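This is a predicted model, so every value here is computed, not measured.
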Amino acid sequence: MSHVPTVAVVGFPNVGKSTLVNRLAGGREAVTHAQPGVTRDRKRLACEWNGVAFELLDTGGIDMEDESELARDVQNQARVGIAEADLVLLVVDARAGVRAGDAELAKTLRGAEVPVLVVANKLDRVEDEHLTAELHQLGLGEPQSVSATHGLGSGDLLDRVVELLGERAGPDERDEAVRVAVIGRPNAGKSSLVNAFLGSERTIVSAVAGTTRDAIDTELEVDGRRVVLVDTAGLRRRSKVAGTVDYYAQLRSEQAVERADVAIVVCDASEGVTAEDLRVADLAMRAGCATLLALNKWDVTRTDIDDARARVTRKLRLRPAVVTCSATRGRNVANLLPKALELADRAAERIATPELNRFVADVVARTPPPARRGRRLRLYYAAQVGERPPRFAIQVNDRKLIGRDWAYHLENRLRETYGLEGVPAVIDFVPHSGTRRGR
């Protein structure tokens, strides 16, 4: 993997770090809200300026005086982010002036081995430029003025970032990675599972449901292959989180699933596979994401695994596999990512046209489509027309003759024959060009 430099964005809570990250990255990827402390984990976003690629690392607000357990976890995550960085942006609310928290953080950063740039945020008017004078007392050089909300000064800031990165930055030459999203209901153990994959406290784990509020990307290597692991906020019904900060976290999780190749749906083994777990898995499948269900906390309590698998097969059209694991004990954790890679590979495979047509002919011979109104469905030619997820086109004499049950039967045989359980597969029945009505 080629090295892409990291720019860590740090600061006191609610100084506009995530808003600035969104502005510099050209989108709305990080969760922002008027409520302070929304960002808790550290989140990476790809960024490019004038042909130079780097990653922005959004971190939680650092308040040294807050001694709560969650605040300490956020501080630790930010410190790790600073240690990983090639450049640090210290974001300060210029309108509020230098606060005790800013000065304490600046004192720490003055000993950093990488460049540190003070970003004077919330300067929404040119006439407010004089407010940056006070920030010189931080001892970190000339502040860079911006308005993250309105975009003022963002181009100048990016110019300065690229300049400070110097030779550390280069063209983005990263190879294609398999994106694996870890999704599920709140407090099912998603972050614990991600940390177990990584062998470190990469994301914050808390007994408080909903600790993770953003989709957190982390790169790792599995069997020599590059994987981007995405830890997500717990998925709830949108109606339950409407009007709250969790609503935006919900949207980020859904977007993470849409960008993923594979989703590991984490379920709580003490409850088995619930209706909400099935809803989460169905969301991933409708997004075209290959899916695997993991019954976590298997060391604490056990459910009837055969019953869970039968329920999944009965309720979910894609028939994904159900496996057991324990994130805290490490049971079966090592097998989950290789299984996810296997699913990604299956979703990317192509079935040769002659082989596919032999398969269709065999299914028709064994179980002919039922006749409707005295006419029977005829299948002429089949071909795979897409992958990730796989898509097939089958020419037929009349689409109106396709029965739902028989179409599902064909799809299920396709999954069984080619190992596509848990892989979205689309079958399009298209009119045969040489078919005349009434034939």
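- In this structure, R346 and V423 approach most closely via the heavy-atom pair CB-CG2, 4.2 Å.
- Here the straight-line distance linking atom CD of E142 with atom CZ of R160 works out to 9.0 Å at 0.5 Å rounding.
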| message | Checking D58 against K17 for the salt bridge (charged side-chain N to carboxylate O under 4.0 Å, His left out) test, could you report, in this order, the C-alpha distance in whole Å, the side-chain angles of both residues, the deciding distance, and whether it holds? | response | CA-CA 7 Å; D58 189 20; K17 297 183 298 299; over 6 Å; no

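- Here the side chains of F429 and L410 are in contact, with some heavy-atom distance below 4.5 Å.
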| side chain to side chain contact (heavy atoms under 4.5 Å, CB included) evaluation trace for I427 with Y408 | CA-CA 10 Å; I427 301 177; Y408 281 163; over 6 Å; no

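- Ion pairing of E219 with R226 is present here, as a side-chain N (NZ or NE/NH1/NH2) and a carboxylate O approach within less than 4.0 Å.
- D428 contributes no side-chain N or O that, together with a main-chain N or O of V430, makes up a donor-acceptor pair within less than 3.5 Å.
- The CG atom of L109 sits 9.5 Å away from atom CG of L138, with the distance rounded to the nearest 0.5 Å.
- A donor-acceptor contact shorter than 3.5 Å is absent between the side chain of H150 and the backbone of S147.
- A 4.5 Å side-chain heavy-atom check between L164 and V114 finds every atom pair outside the cut-off.
- Panel note: side chain K190, backbone R185; a donor-acceptor pair is recorded below 3.5 Å.
- Residues that satisfy the side chain to side chain contact (heavy atoms under 4.5 Å, CB included) test with D128, not counting sequence neighbours, are L123, R125, L131.
- With sequence neighbours excluded, no residue satisfies ring-ring contact (aromatic ring centres under 6.0 Å, His included) with F392.
- A donor-acceptor pair under 3.5 Å is formed between the side chain of R350 and the backbone N or O of Q384.
- Residues T324 and I305 are in side-chain contact: their nearest non-hydrogen atoms beyond the backbone lie under 4.5 Å apart.
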Could you list the donor-acceptor pairs under 3.5 angstrom formed between side-chain atoms of residues 282-297 and any protein atom two or more places apart in sequence or on another chain?
from	atom 1	to	atom 2	distance (Å)
D282	OD2	R286	NE	2.9
T291	OG1	C289	O	2.9
N296	OD1	A327	N	3.0
N296	ND2	A188	O	3.2
K297	NZ	N187	O	3.0
K297	NZ	D268	OD2	3.4

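- A donor-acceptor pair under 3.5 Å links the side-chain atoms of T132 to the main chain of E129, judged by distance alone.
- Under the 4.5 Å side-chain criterion, counting only non-hydrogen atoms from C-beta, E355 is in contact with Y418.
- Contact check for V180 versus D261: no side-chain heavy atoms found under the 4.5 Å cut-off.
- Contacts of E134 classified as side chain to side chain contact (heavy atoms under 4.5 Å, CB included), with partners at least two apart in sequence or in another chain: V98, Q137.
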| request: Give the intermediate values and the outcome of side chain to side chain contact (heavy atoms under 4.5 Å, CB included) for residues D86 and L165. | output: CA-CA 7 Å; D86 298 284; L165 287 176; 4.1 Å; yes

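- Remark: L278 CG to L316 CG distance equals 5.0 Å, nearest 0.5 Å.
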| task | Check the pair L337, F197 against side chain to side chain contact (heavy atoms under 4.5 Å, CB included), reporting the backbone distance first and the verdict last. | result | CA-CA 8 Å; L337 287 180; F197 286 145; 3.8 Å; yes

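- For the residue pair T274 and D277, a side-chain donor N or O sits within less than 3.5 Å of a side-chain acceptor on the partner.
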| request: Evaluate the criterion side chain to side chain contact (heavy atoms under 4.5 Å, CB included) for residue pair V265 and V182; output intermediate values, then yes/no. | output: CA-CA 6 Å; V265 180; V182 181; over 6 Å; no

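- Taking CZ from R23 and CG from N121, the interatomic distance works out to 10.5 Å, rounded to the nearest 0.5 Å.
- The shortest side-chain heavy-atom distance between V9 and V91 falls under the 4.5 Å cut-off.
- No salt bridge links K107 with E104; every basic N to acidic carboxylate O contact stays at or beyond 4.0 Å.
- A263 and I183 make their closest contact through CB-CD1, 3.9 Å (heavy atoms, listed as atom of the first residue, atom of the second, distance).
- Within the structure, the side-chain hydrogen bond (donor to acceptor under 3.5 Å, both in side chains) test picks out the following pairs touching residues 311-321 (sequence neighbours left out): R317-E411.
- The side chain to side chain contact (heavy atoms under 4.5 Å, CB included) check on N332 picks up V323, C325, N335, with sequence neighbours excluded.
- At a threshold of 4.5 Å between non-hydrogen side-chain atoms, the residues V161 and Q144 do not count as touching.
- Atom CG of L420 and atom CG of L318 lie 9.0 Å apart (nearest 0.5 Å).
- Atoms CG and NZ, on L152 and K122 in that order, are 15.0 Å from each other to the nearest 0.5 Å.
- The environment of CZ in R329 is sparse: at most 12 heavy-atom neighbours from other residues, nucleotides or ligands sit within 6.0 Å.
- Ion pair E276/R279 flagged as a salt bridge, since at least one NZ, NE, NH1 or NH2 atom sits closer than 4.0 Å to an Asp/Glu carboxylate oxygen.
- Side-chain atoms of F12 and L105, non-hydrogen and from C-beta on, never get closer than 4.5 Å to each other.
- Nearest heavy atom pair, residue G16 against residue A148, reads O-CB, 4.4 Å.
- Pairing each heavy atom of L135 with each of A120, the nearest pair is CD1-CB, 3.4 Å.
- For V21 against L56, the heavy-atom pair with the smallest separation is O-CD1, 3.9 Å.
- Between A383 and T353 the shortest heavy-atom distance is CB-OG1, 4.2 Å.
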